[in-house]
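The structure that follows is given in the form of structure tokens.
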Amino acid sequence: MSLPNFTHLLAQTVTELSDDSSLKGLFHEHQDEAPPPSGKVLHEIIELCRAILFPGFYGKSAVNHHTITYHIGVSIERLYILLSEQIRAGLCFDAQNNKNGSNDSTKENAAALAQQFINRLPALRRILATDVEAAYNGDPAAESYGEIISCYPIIKALSNYRIAHELLTLGVPLIPRIITEMAHSETGIDIHPAARIGHHFTIDHGTGVVIGATCIIGNHVKLYQGVTLGAKSFPLDENGHPIKGIARHPILEDDVIVYSNATILGRITIGRGATVGGNIWVTEDVPAGARLIQKKYK
């Protein structure tokens, strides 16, 4: 192909890729005063949060009882600065997408939301401590809490989920979903930030677990790898579009155990203390204390 013809094809391709009709819904126009959230910065925010929540396991390894106040103070200050900026970016992104008008007050709102989130970090540590305990007590191969925190993917996934969930409850858009998808990429565990999960929660191994947005999970619940807590169907509106915001995922009450590769779909309830065996498809309520296993056929 001659150079002039190639140059013409390049120009034609650029024109097609820049055409408004091909960009509908796929183009976020950058504005100097309102950049979109940064994945790189959000990664640093998660690392800071982990270092604050689990000092010595993440962040500065040289931290000790004499220096812990200093290290946490420095991390909190850095977290506040970065999180305020990213929350502001998320608020601006949401305002642009939903045509909500002026972004003049977003800087103050973002700073206030960042402060509220930071005030919740002690409570976050307390509930994550129960998750570490559940993982340790649920795995005879685990030799220490330190091993759980350092090595087990569920703690990384739950750290991101619980951080994201708090941000979501504060009304922060977009960023919570980015944070849980970061954990999804890191661990293979997919937890929607809107799911509600109680204390002493754990997932053994973890790979391939999916927990949907409207799931409600009680206390002392244990899942194994490959479990799906999903939706059975998607009701459509008069235009054929999925109806948003309806409860469509399972409820797992306290002390439930779900074994590997079980699929639990729809707004059903798995009763307190029930056990769901592996490789089972569940679309109806399971009574409290029931033991649901595959039948053996001859």
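Both backbone and side-chain heavy atoms feed into the values below; hydrogens, waters and symmetry mates do not.
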Distance, nearest 0.5 Å, that separates CD1 of Ile179 from CG of Asn160:
7.0 Å
Atom CD1 in Ile217, atom CZ in Arg196: separation rounded to 0.5 Å?
11.0 Å
Can a donor-acceptor pair be found, under 3.5 Å and without considering hydrogens, that links the side chain of Lys156 to the backbone of Thr187?
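No, Lys156 side chain to Thr187 backbone: no donor-acceptor pair under 3.5 Å.
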Return each pair, listed once, that meets side-chain hydrogen bond (donor to acceptor under 3.5 Å, both in side chains) where at least one residue sits in residues 143-154; pairs must be two or more places apart or across chains.
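Listed once each, the pairs are Asp139-Tyr152.
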Is it true that a side-chain atom of Ser75 and a backbone atom of His71 form a donor plus acceptor pair closer than 3.5 Å?
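Flag set: sc Ser75 to bb His71 pair under 3.5 Å.
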Flag side-chain contact, heavy atom, 4.5 Å: Ile45 against Leu79:
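Ile45 reaches Leu79 side chain to side chain.
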Go through the steps for Glu47 and Arg50 under the test salt bridge (Lys or Arg N to Asp or Glu O under 4.0 Å), then give the verdict.
CA-CA 5 Å; Glu47 290 302 308; Arg50 289 177 178 176; 3.7 Å; yes
Non-hydrogen atoms of His205 and Pro153 that approach each other most closely
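So the two residues come closest at O-CG, 3.4 Å.
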Treating Asn219 as the side-chain partner and Asp254 as the backbone partner, does any N or O pair qualify as donor plus acceptor under 3.5 Å?
no
What pair of heavy atoms forms the shortest contact from Ser84 to Ala111, and how long is it?
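Nearest heavy atoms, Ser84 then Ala111: OG-CA, 3.7 Å.
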Shortest non-hydrogen contact from Ala142 toward Ile148
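Between these two residues, the closest heavy atoms are CB-CD1, 3.6 Å.
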Value rounded to 0.5 Å, distance of CD1 in Ile203 from CD1 in Ile197
7.0 Å
Flag side-chain contact, heavy atom, 4.5 Å: Ile87 against Leu170:
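SC-SC contact between Ile87 and Leu170 ruled out.
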Within the 4.5 Å heavy-atom criterion, are Thr169 and Arg120 side-chain neighbours or not?
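Heavy-atom side-chain distance check passes, below 4.5 Å.
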Atom pair OG1 (Thr207) and CG (Asp190), whose distance is rounded to the nearest 0.5 Å
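Thr207 atom OG1 to Asp190 atom CG measures 12.5 Å (nearest 0.5 Å).
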If we only count heavy atoms from C-beta on, is the Arg177 to His192 side-chain gap below 4.5 Å?
yes
What is the distance from atom CZ of Arg267 to atom CD1 of Ile246, rounded to the nearest 0.5 Å?
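Arg267 CZ to Ile246 CD1: 10.0 Å, rounded to 0.5 Å.
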Report the C-alpha separation of Ser159 and Leu128 in whole Å, then their side-chain angles, then the decisive distance to 0.1 Å, and conclude whether the side chain to side chain contact (heavy atoms under 4.5 Å, CB included) test is met.
CA-CA 7 Å; Ser159 298; Leu128 281 166; 4.1 Å; yes
Would you please test Leu124 and Leu121 for side chain to side chain contact (heavy atoms under 4.5 Å, CB included) and show each step?
CA-CA 5 Å; Leu124 268 178; Leu121 285 172; 3.9 Å; yes
Evaluate whether atom CD of Glu77 has more than 12 neighbouring non-hydrogen atoms of other residues, nucleotides or ligands under 6.0 angstrom away.
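Counting other residues, nucleotides and ligands, CD of Glu77 stays at 12 neighbours or fewer.
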Pairwise side-chain contact, Gln116 with Glu166, heavy-atom cut-off 4.5 Å (strictly under)
no
Not counting sequence neighbours, which residues clear ring-ring contact (aromatic ring centres under 6.0 Å, His included) with Phe117? List them please.
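Not a single residue meets the ring-ring contact (aromatic ring centres under 6.0 Å, His included) criterion with Phe117.
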Does the Asp131 side chain pair with the main chain of Phe201, one donor and one acceptor, at a distance under 3.5 Å?
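Looks like yes, one N/O pair under 3.5 Å.
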Can you give me the closest heavy-atom contact between Leu168 and Ala194, atom names plus distance?
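Heavy-atom minimum between the residues: CD2-CA, 3.4 Å.
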Give the C-alpha distance, both sets of side-chain angles, the deciding distance and a yes or no for side chain to side chain contact (heavy atoms under 4.5 Å, CB included) between Leu113 and Leu91.
CA-CA 11 Å; Leu113 290 170; Leu91 293 171; 4.3 Å; yes
Please assess Gln86 against Val172 for the test side chain to side chain contact (heavy atoms under 4.5 Å, CB included), listing each intermediate value before the final yes or no.
CA-CA 10 Å; Gln86 290 306 296; Val172 176; over 6 Å; no
For Thr263 and Thr228, indicate whether the former's side chain and the latter's backbone hold a donor-acceptor pair under 3.5 Å.
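Judged by distance alone, no pair lies under 3.5 Å.
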If you look at every heavy atom in Asp94 and Pro173, which pair is closest and at what distance?
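Reported closest heavy-atom pair: CB-CG, 3.6 Å.
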Tightest non-hydrogen contact, residues Ala157 and Ala183, listed as CA-CB, 4.0 Å
Please identify each residue that fulfils ring-ring contact (aromatic ring centres under 6.0 Å, His included) with His199, with sequence neighbours left out.
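Expected list: His220.
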Indicate yes or no: at least one non-hydrogen side-chain atom of Ile280 is less than 4.5 angstrom from one of Gln294.
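Sidechains of Gln294 and Ile280: in contact.
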Ignoring hydrogens and angles, tell me if any N or O in the side chain of Thr269 forms a donor-acceptor pair with the backbone of Asp285 under 3.5 Å.
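Side chain of Thr269 to backbone of Asp285, a donor-acceptor pair under 3.5 Å: no, none is there.
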Do side-chain atoms of His165 reach the backbone of Ala195 as a donor and acceptor pair under 3.5 angstrom?
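Pair found, side chain donor or acceptor close to backbone of Ala195.
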Ile52 backbone acceptor or donor facing Arg125 side chain under 3.5 Å
yes
A side-chain contact here means heavy atoms from C-beta on lying under 4.5 Å apart; do Ile81 and Glu85 qualify?
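Yes, side chains in contact.
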Straight-line distance of His249 NE2 to Ile216 CD1, nearest 0.5 Å
11.5 Å
Determine yes or no for a side-chain-to-main-chain donor-acceptor pair under 3.5 angstrom, with Asp255 supplying the side chain and Arg272 the backbone.
no
Quick one: which of Ile189, Thr202, Asp204, Leu252 gives a side-chain contact (heavy atoms from CB on, under 4.5 Å) with Leu223?
Leu252
Less than 4.5 Å apart, side chain to side chain, heavy atoms only: is that true for Leu83 and Leu48?
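The answer is no; the side chains never approach within 4.5 Å.
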